[in-house]
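Worksheet for the structure shown next.
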Amino acid sequence: MLMKMIIVGCGRAGSTIAVKMSLEGHQVSIIDKNPLAFDRLPPDFAGTMVVGTGIDEDVLIKAGIKETEAVIAVTKGDNTNIMIGQIAEFLYKIPRVMVRIVDPKVKQFYDTEIGLPCYCPTEINADYYIRFLKEGNGCIS
Amino acid sequence: MYIVIVGGGKVGYYLTKTLLAENHEVTLLDWDYEKVKLLKQDLGEAVIFANGSSIDGLEKAGCTRADVIVAVTGDDEDNLVICQLGKRYFKVPKAISRINNPKNERIFKELGVGTTISGTISIVASIEQYLAKQHIIRLMSFNHEEMVLLETELFAGCPAVGKKISEIKLPNECIIITILRGKNALFAKGDVVLESGDLVIAISTQNEQAAVKKALIGGEPSA
């Protein structure tokens with residue numbers, strides 16, 4: 001099933017997701033406040049690039065939030081991701097939302113208290129290393 | 001009251017200073033070490049170096065016993081998280097957020113942060129009110145647009161307020177017809193003293209409209 005999706009933050013994570021999903025035929029819109037961030041995308045990138053801050057509703061509308069089926073927030077700011085995620089999840093009721101929250105305690109709060117779909121790379125990394133230290137094999141993938 | 005303020009910019013600084021002077025207990029948090037050093041010189045122990053959008057930072061500030069949390073950073077996403085953590089995690093009874101982008105007022109409200117203050121919105125509202133007051137409304141024109149019927153509301157500070165109609169230096173080609181005061185319509189005799197809140201109805205020529213405005217509500221004759 002091909003989807004329309006918005007990715008906010010064209011860093012290493014965002015650009016990787018955008019390129020892979022676009023190559024699979026999904027309709028990708030990627031937002032970053034710094035136009036130079038789009039240099040991470042290949043010249044033949046088929047998706048849409050939108051310059052602006054993802055917490056600005058007008059920017060999200062320009063990226064197609066009214067029709068999109070998924071929103072991923074992976075900017076380097078936890079609070080930016082949290083705000084974007086809540087706009088997508090609670091205001092626009094987007095079916096698939098996922099945001100990155102680096103602070104484990106804040107992630108726990110938004111997960112359980114607010115009901116925001118989120119994950120914490122810090123926890124995932126820690127688990128990986130702990131498993132490696134205990135078992136000598138941390139390779140999850 | 002015990003008030004936790006996050007964001008040591010101009011708003012946070014003056015807010016803390018004001019509330020301390022009113023004998024409230026205040027803690028101001030900022031995440032910029034150099035700024036905290038400067039703020040401490042003036043506000044002393046009320047200032048702490050802590051991240052206000054982290055649970056540890058808010059705990060350090062004693063949020064568990066705070067009566068009010070106020071988020072006044074320059075970033076709306078930070079203010080949102082600060083208020084949500086304050087209200088939902090620390091159960092602070094009142095969370096107040098500064099809003100930088102007026103468009104975020106609705107978003108904050110829908111996400112449970114209903115008490116917001118927007119400097120931009122306040123300034124715009126004040127300016128609009130000021131402009132509206134400066135306004136002189138043209139009710140109708142006649143005699144091939146040569147003559148106009150005007151209405152204007154007087155407010156405190158207008159040159160005409162406190163004066164008798166006979167004392168107002170109106171242009172020759174103008175006459176005040178009536179003063180609407182509350183439910184009454186006063187006949188514009190020379191000894192009627194104008195008050196703030198009066199609606200003045202006048203006839204003048206098109207050319208003298210600006211001069212009428214100047215005589216009644218002041219300002220440069222420009223319109």
Side-chain angles (χ1 to χ4, degrees), chain A residues 6 8-9 31-34 52-63 65-66 71-94 97 99-118 120-123, chain B residues 6-7 9 29-32 50-61 63-64 66 69-93 95 97-114 116 118 120-121:
Chain A
I6 296 176
V8 191
I31 300 173
D32 203 291
K33 64 180 175 188
N34 178 10
T53 164
I55 61 157
D56 186 329
E57 202 179 358
D58 290 343
V59 172
L60 291 170
I61 290 169
K62 200 172 161 194
I65 196 165
K66 285 179 175 167
V71 172
I72 303 288
V74 284
T75 77
K76 62 180 180 225
D78 273 4
N79 298 343
T80 303
N81 296 340
I82 290 167
M83 184 161 170
I84 293 163
Q86 290 185 88
I87 293 172
E89 176 77 13
F90 303 121
L91 271 62
Y92 285 89
K93 319 256 186 250
I94 306 298
V97 174
V99 310
R100 176 169 74 190
I101 304 177
V102 176
D103 183 325
K105 287 184 181 175
V106 173
K107 182 258 173 188
Q108 174 71 13
F109 165 74
Y110 276 96
D111 188 9
T112 57
E113 283 294 313
I114 306 288
L116 178 69
C118 51
C120 178
T122 315
E123 281 174 351
Chain B
V6 184
L29 285 76
D30 202 282
W31 193 221
D32 177 335
N51 181 353
S53 59
S54 78
I55 287 166
D56 293 344
L58 291 174
E59 208 158 81
K60 193 174 158 191
C63 239
T64 39
I69 182 164
V70 190
V72 288
T73 80
D75 295 304
D76 287 347
E77 66 273 26
D78 294 346
N79 293 341
L80 176 71
V81 171
I82 291 158
C83 284
Q84 287 185 321
L85 286 174
K87 239 178 140 172
R88 300 285 291 272
Y89 186 93
F90 290 97
K91 316 287 181 212
V92 180
S97 178
R98 169 187 177 190
I99 283 186
N100 298 281
N101 178 352
K103 283 184 291 186
N104 285 335
E105 195 174 28
R106 182 183 65 84
I107 291 172
F108 272 53
K109 193 165 265 170
E110 294 202 31
L111 297 179
V113 182
T116 55
S118 161
T120 319
I121 292 174

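Protein chains get the first letters and strands the later ones, always in sequence-line order, with residue 1 at the start of each. In this text, all values refer to a predicted model and were calculated from it rather than measured experimentally.
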Closest non-hydrogen atom pair between F109(A) and Q84(B), with its separation
CZ-O, 3.5 Å
Shortest non-hydrogen contact between V106(A) and I55(B), atoms and distance
N-CD1, 4.0 Å
Given that the side chain runs from C-beta out, which part of [X] has a heavy atom under 4.5 Å from chain A: side chain, backbone, both or neither?
X	answer
D78(B)	both
N104(B)	side chain
N79(B)	neither
I82(B)	neither

Spacing of [X] atom [atom1] and [Y] atom [atom2] [to the nearest 0.5 Å]:
X	Y	atom1	atom2	answer
I55(A)	L80(B)	CD1	CG	9.0 Å
Q86(A)	F108(B)	CD	CZ	9.5 Å
Y89(B)	I114(A)	OH	CD1	12.5 Å

Can you confirm whether more than 12 heavy atoms, excluding those of K66(A), are under 6.0 Å from its NZ atom?
no
More than 12 foreign heavy atoms under 6.0 Å from NZ of K33(A): is that the case here?
no
Which atoms of I82(A) approach chain B - backbone, side chain, both or neither, heavy atom under 4.5 Å
side chain
Run I107(B) and M83(A) through side chain to side chain contact (heavy atoms under 4.5 Å, CB included) and show every step you take.
CA-CA 9 Å; I107(B) 291 172; M83(A) 184 161 170; 4.3 Å; yes
Would you indicate whether the side-chain heavy atoms of L91(A) and R106(B) approach each other to under 4.5 Å?
yes
When T53(A), N81(A), D58(A), I84(A) are compared by non-hydrogen pairs under 4.5 Å with chain B, the top option
D58(A)
Within the side chain of R88(B), is there an N or O that forms a donor-acceptor pair under 3.5 Å with the backbone of E113(A)?
yes
Contact list (residues 71-79 of chain A to chain B, heavy-atom gap under 4.5 Å, by number) returns N79(A)
